[in-house]
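A note on names: the letters A, B, ... follow the listed sequences, proteins ahead of strands, and every chain is numbered from 1.
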2 protein chains.
Amino acid sequence: MVTIQEVAKKAGVSTATVSRVLNNRETVKEKTRIRVEQAIQELKYEPSALGRNLRNSESRLLLVLIPSISNPFYTEIINGIEDTAISKGYNILLCETDSNPKREAIYFNMVRNRLADGIILMDPTVNRKNLYDLASRHPIVQCSEFDEQGEISYVTIDNELAAYQAVKHLIKIGNRKVALINTDEKYLYARERRRGYEKALQEFDLPIESKWMRETGHLGFEGGQQAMRSLLNEADKPNAVFSVSDVLAIGAMKEIQLQGLKVPDDIAVIGFDKISFSNMTNPTLTTIAQPMYKMGCTSANMIINKIRGKEVESLILDHELIIREST
Amino acid sequence: MVTIQEVAKKAGVSTATVSRVLNNRETVKEKTRIRVEQAIQELKYEPSALGRNLRNSESRLLLVLIPSISNPFYTEIINGIEDTAISKGYNILLCETDSNPKREAIYFNMVRNRLADGIILMDPTVNRKNLYDLASRHPIVQCSEFDEQGEISYVTIDNELAAYQAVKHLIKIGNRKVALINTDEKYLYARERRRGYEKALQEFDLPIESKWMRETGHLGFEGGQQAMRSLLNEADKPNAVFSVSDVLAIGAMKEIQLQGLKVPDDIAVIGFDKISFSNMTNPTLTTIAQPMYKMGCTSANMIINKIRGKEVESLILDHELIIREST
DNA sequence: AACATAAATGTAATCGATTTCATAAAATGT
DNA sequence: ACATTTTATGAAATCGATTACATTTATGTT
C-alpha cells in the first residue's frame, strides 16, 4: 500500500507538504504542488481515511437505522436524509436492524468506536437503557418513531390526529362499523393510531369493539390479509377498515376481493403512508400522506447540528388525508 | 474522550495489558484483568476502532451498492448478504447509488480509504474505467449485474434462458402476439432478457416486431403502465406481455384493467423477480423466481474470500418459472 | 536454596495521516 | 546592499490503538 511517506520521498518533499497539497491548504508553491501531484499520480496513492479520521477524530459518516429495508415506507425519508447529508459533506450508510437488539448494538458500537459520527434512528425503542446510554455520550436523533418518556430529539407527525381524521372520514361517508388493523404496539405509531381510532369512535358515540380490532405481528401484505380474513369471520362484519399501513391495507383489500366482496361498496378501506404502490391497486387506496422527504431532511439537519455541538429541538410535521377510490 | 492510556493509568498497568484484556488475548492474570475491567467500567471507556483499524489495516465492513433501495428486488439478496456476513464477523452497510457515478465514487473511495474492506456491487456498470481501476487494487464482486467483458467475479442467473422460457410459456398457452416491456439496455439483464425473448419468438417462427417492444426509463409501476398504454394504442394489439420486472408487470396489469380488458383472458402477463407483491395482485402474477437469498449468501462469501486473498470463481445460479393466474 | 522455565507485564515502535512550531527561502522596502 | 516582512517548507509530535521484544515475577525441580 502506498503511503504519504512514499509520495513525499518521490516528490522530494516532506509529508507535511504532501498533506498540504492533499487538503489544498495554506500556501504551497505551484511548482511543488505539481511535483507532488505527479508523484501521487505515478504511485497511484490513495490516502487512508483511517489515519486522517484518527487525527481529526471525525468520520463524516452518518448511520441510518431502519427495521427493514423492504418496507417502502422508508424510501422517501432516506432520500431526504441522503440529499441533505451529501449537501453538507456527510455520507450516509443504511443499517437494517430487523428490530434486533444485537444488530442494533453492532451499529451503536460503530458510533462508540468513532467509525461514524452520529445516528438517525427509525427503529422503535427496543432497549431503553442501551439507547439512553448511547444518547448520553453520542449524537443521535429519532425519526418517525421515538421514545415518549425520553429526551432524545425527534421528528415525527401527529399520528393520533392523523388516525382520528382517517377514521372520522370513514364514519362521515356512512360507515358505523369501523375495524382497525394494527401492528405490534411496541411501535409508538401503533399505540398512537389506536388512540386516534378510539377517539373518533367515541366522538360519534360508536362502541369500541375488540371484535373489530386486530393486531398483526407480520408487517407484510400477508399480515393484512390474515387480519382481514379473521375480521370477515366475525358474525357481525365491519363495513370499513382503518389499517395503520398501506401494506397491510393492500393485503386486506386482497382478502376482501378474494371473498367476493367489493371495495369500497361492501367494505371501505383506508391505509397509511401513501407508498407508491397505493396508487397501483384496484381500486386505488385512500391513505394518509406523511411528509416523508421533509422528515428525512429535517432529521439529517438535526443530527448534523448535534454533531456540531448545537442544541436541537424536536419537531412535529404536518400530514394530509388523500382520498381515493377505496373509500 | 477516554483513551486506553487513561484506563491503563487508572488500573495501574500499561496500555499493552489493557489492550490484552480488551482482546482477551494471551495470558493476563485474573487479578489484573479484573482491575482493568473495573477501570474500563468506571471510566466508561469505549475503544476507538479508528486506532485499531489503522494498526490492523482492516475494518471488517462490507459495502453493498444498490441503485435504489425502493426496488423490492434487492430485499432478499440483502438478507442473504447480511446473514452470511454477520456469521463471518463482517458488518454490511447499504449504499444507494441511484446509478449516479458521483455517488458511486463516494463509496468506491471508502474502500480506497480503508473505511471498508470490500464492495458487493449490484449496479450496472456505469463507468468501466473507474470500476476496473478499483477492482485492480481492492476487493470487489458483482451480484446480478456484471460486466460482460470484464474479469471481476460475479454471481448471477442465466437471464437469457429465463426470458426464453417465460416467452415460450406464453406462446405455448396459445399467444402468438407477445409484447416485451423492457428497461434501459444499460442493464445487462435487459439486454440478455431481450435476447431470450427474441430467441423464443424465432424458435416458433414468429416475427420480431418493434411495434410490440417498449423500453422504459422509469423502473417504477408508472413505467410499466405507460409502456402498456402505448402498446394498447397499436392498431394490432398484442395478446401477451413479457415484462422484465414484476414492478413493470404490475403497472402493465393496472393499465390493461383500466382499459376494461381482462388478464389473462384478453392479455396474459408475465413478470420477473417474484417480489412479494406479485402474490398480492389480482390476478396473481406469473413470474420468474431468482434464488435471491442464495445470490446474497454467495456474493458475501465471495467478497470475504477475496478480502482474505483467495481466488474466487464466478457462478451462475438456477432460476424457476412460477406459473400463477396471470397466464 | 539455586536454578531453569513459564507466565505476566512493560517499553517502545508502529499504523498513516495532520498540524504546530521552527526555519529556510523569497519578496519587499529603504 | 542590507534589514524586514512574507511565503514556503520541514521536523517532530500527535491521534488511539496493537504488538514484537524485553524484562520482571511466579512456579517447579533438584
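Closest to the side chain of A/Arg55, from the set C/dT19, D/dA8, D/dA26, is C/dT19. Closest approach to the A/Lys29 side chain among C/dA8, D/dT9, D/dG16 is made by D/dT9 (side chain taken as heavy atoms from C-beta onward). In this structure, the nucleotide among D/dT18, D/dA17, D/dA11 sitting nearest to the side chain of B/Pro47 is D/dA17. The nucleotide whose nearest atom lies closest to any side-chain atom of A/Gln5 is, among C/dG10, D/dG10, C/dA17, C/dA17.
Heavy-atom distances to DNA chain C give each of B/Gly51 and B/Thr15 a nearest nucleotide, and the one nearer the 5′ end belongs to B/Thr15. Between A/Thr17 and B/Leu22, the one whose closest nucleotide on DNA chain D sits nearer the 5' end is A/Thr17.
Contact check, B/Ser14 against C/dG10: a side-chain N or O comes under 4.0 Å of OP1 or OP2. Contact between the side-chain N/O atoms of A/Thr32 and the OP1/OP2 oxygens of D/dT9 is found at a separation under 4.0 Å. Taking 4.0 angstrom as the limit, A/Ser57 places none of its side-chain polar atoms (N or O) nearer than this to OP1 or OP2 of D/dC15. Note on A/Ser19: every side-chain N or O is 4.0 Å or more away from OP1 and OP2 of C/dA17. Neither OP1 nor OP2 of D/dG16 sits under 4.0 Å from any side-chain N or O of B/Ser48. Note on B/Asn56: every side-chain N or O is 4.0 Å or more away from OP1 and OP2 of D/dA17. In this model, the phosphate group of D/dC15 is not approached by any side-chain N or O of A/Asn53 to a distance below 4.0 Å at OP1 or OP2.
Across all non-hydrogen atoms, the minimal contact from B/Thr183 to B/Tyr189 is OG1-OH, 3.1 Å.
Computed from coordinates, the A/Asn23 CG to C/dT20 P distance equals 12 Å when rounded to whole Å. Per the geometry, NZ belonging to A/Lys9 stands 21 Å off P belonging to D/dT9, to the nearest Å. For A/Met1 and C/dT14, the CE to P distance is 15 Å, given to the nearest whole Å. To the nearest angstrom, P of C/dT19 lies 9 Å from CZ of A/Arg52. To the nearest angstrom, P of C/dA8 lies 14 Å from CG of B/Asn24. C/dA17 atom C1' lies 13 Å from atom CG of B/Leu115, rounded to whole Å. Residue A/Ile4 contributes atom CD1, which lies 6 Å from atom C1' of C/dA17 at whole-angstrom precision. Across the protein-nucleic acid pair, A/Arg20 atom CZ and C/dT20 atom P stand 10 Å apart, rounded to whole Å.
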>> As a quick check of understanding, evaluate salt bridge (charged side-chain N to carboxylate O under 4.0 Å, His left out) for B/Arg60 and B/Asp117, giving each step before the final call.
In response: CA-CA 6 Å; B/Arg60 298 210 143 241; B/Asp117 290 348; 6.0 Å; no
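Comment: B/Asp83 engages A/Arg103 in a salt bridge, judged by a side-chain N to carboxylate O separation of less than 4.0 angstrom. Using a cutoff of 4.0 Å between basic side-chain nitrogens and carboxylate oxygens, A/Asp133 and A/Arg112 are scored as salt-bridged. Ion pairing of B/Glu58 with B/Arg114 is absent here, as no side-chain N (NZ or NE/NH1/NH2) approaches a carboxylate O to less than 4.0 Å.
As judged by a 4.0 angstrom heavy-atom cut-off over every strand, A/Val13 is placed among residues touching the sugar-phosphate backbone only. Among the protein residues, B/Leu54 comes within range of the nucleic acid bases, having at least one heavy atom under 4.0 Å from a base atom.
Inter-residue side-chain proximity for B/Leu61 and B/Leu93 is flagged as met; some heavy-atom pair is nearer than 4.5 Å.
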